[in-house]
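Presented below is the structure to which this report refers.
Throughout, a chain's letter reflects where its sequence line sits, starting with A, and its residues are numbered from 1.
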Amino acid sequence: MKNKATESDFFLRVYDVVRQIPDRRVCSYGAIAAHLGMPRSARMVGWAMNAAHSKPDVPAHRVVNRNGMLTGKHHFGGPRVMQQLLENEGHQIENDQILNFKNSFWDPSNPV
DNA sequence: CGTGTGACTAGGA
DNA sequence: ATCCTAGCCACAC
């Protein structure tokens, strides 16, 4: 019998990875995509995040582009929500960009 | 079933 | 250093 997944497995995997992001840490789309075996499908990660919008367990606000810029802040129901959430976790943001992003970056394939 | 688009990334000028 | 182009996969129409 075939189970009809309400959502693609790819999306579910993305959610799973994002949920593994520890507190006070952030991740990039490319890192997640690479962890899923699709380093070139970073776009799809963002697209999955769009669906993750419905998943309170998925801290999409911890996922930013490789520049540490809050590219998807506009999709949180408010351009201020994402920044607010990140600052609430101890991140410093300026000009829509995470300060010391490199230091707060967390690699799913290399969770030191 | 074909086309278009997207919360990206890497490489070239 | 900045700016532009191409590639990529999945989903919606």
Study note, to complete from the structure: Rounded to whole Å, CG of A/L86 lies from P of B/dA7 at a distance of 18 Å

Study note, to complete from the structure: In whole angstroms, the gap separating C1' of B/dA7 from CD of A/Q83 amounts to 16 Å

Check your understanding: Using a cut-off of 4.0 Å on non-hydrogen atoms, how would the nucleic acid contact of A/N65 be classed: base, sugar-phosphate, or nothing?
Key -> sugar-phosphate

Check your understanding: Under 4.0 angstrom, heavy atoms only, what part of the nucleic acid is A/M38 near: base, sugar-phosphate, or nothing?
Key -> sugar-phosphate

Throw together a table of side-chain donor-acceptor distances under 3.5 angstrom for residues 72-85 of chain A, partners on residues two or more places apart or in other chains.
| unit_1 | atom_1 | unit_2 | atom_2 | d |
| --- | --- | --- | --- | --- |
| A/K73 | NZ | A/D96 | OD1 | 3.2 |
| A/K73 | NZ | A/D96 | OD2 | 2.6 |
| A/Q83 | NE2 | A/E87 | OE2 | 3.3 |

Practice item. Can you figure out which of B/dT9, B/dA7, B/dG6 approaches the side chain of A/H75 most closely? Key: B/dA7

Point to revise | Protein-nucleotide distance (A/F11, atom CZ; C/dC9, atom P), rounded to Å | key: 15 Å

Review point. Of the non-hydrogen atoms in A/Y15 and A/A52, which two are nearest, and what is the gap between them?
Key: CE2-CB, 3.3 Å

Exercise for review: Using a heavy-atom cut-off of under 4.0 Å over every strand shown, decide if A/A60 touches base, sugar-phosphate, or nothing.
Suggested key: base

Point to revise | Interatomic distance where CD1 belongs to A/I32 and P belongs to C/dC8 [whole Å] | key: 21 Å

Review point. Can you check whether A/R40 has a side-chain N or O nearer than 4.0 Å to OP1 or OP2 of C/dA6?
Key: no

Practice item. Please report the closest heavy-atom contact between A/T71 and A/Y29, naming both atoms and the distance. Key: OG1-OH, 3.5 Å

Point to revise | Criterion side chain to side chain contact (heavy atoms under 4.5 Å, CB included) on A/L99 and A/I93, from CA distance to verdict | key: CA-CA 6 Å; A/L99 301 182; A/I93 302 173; over 6 Å; no

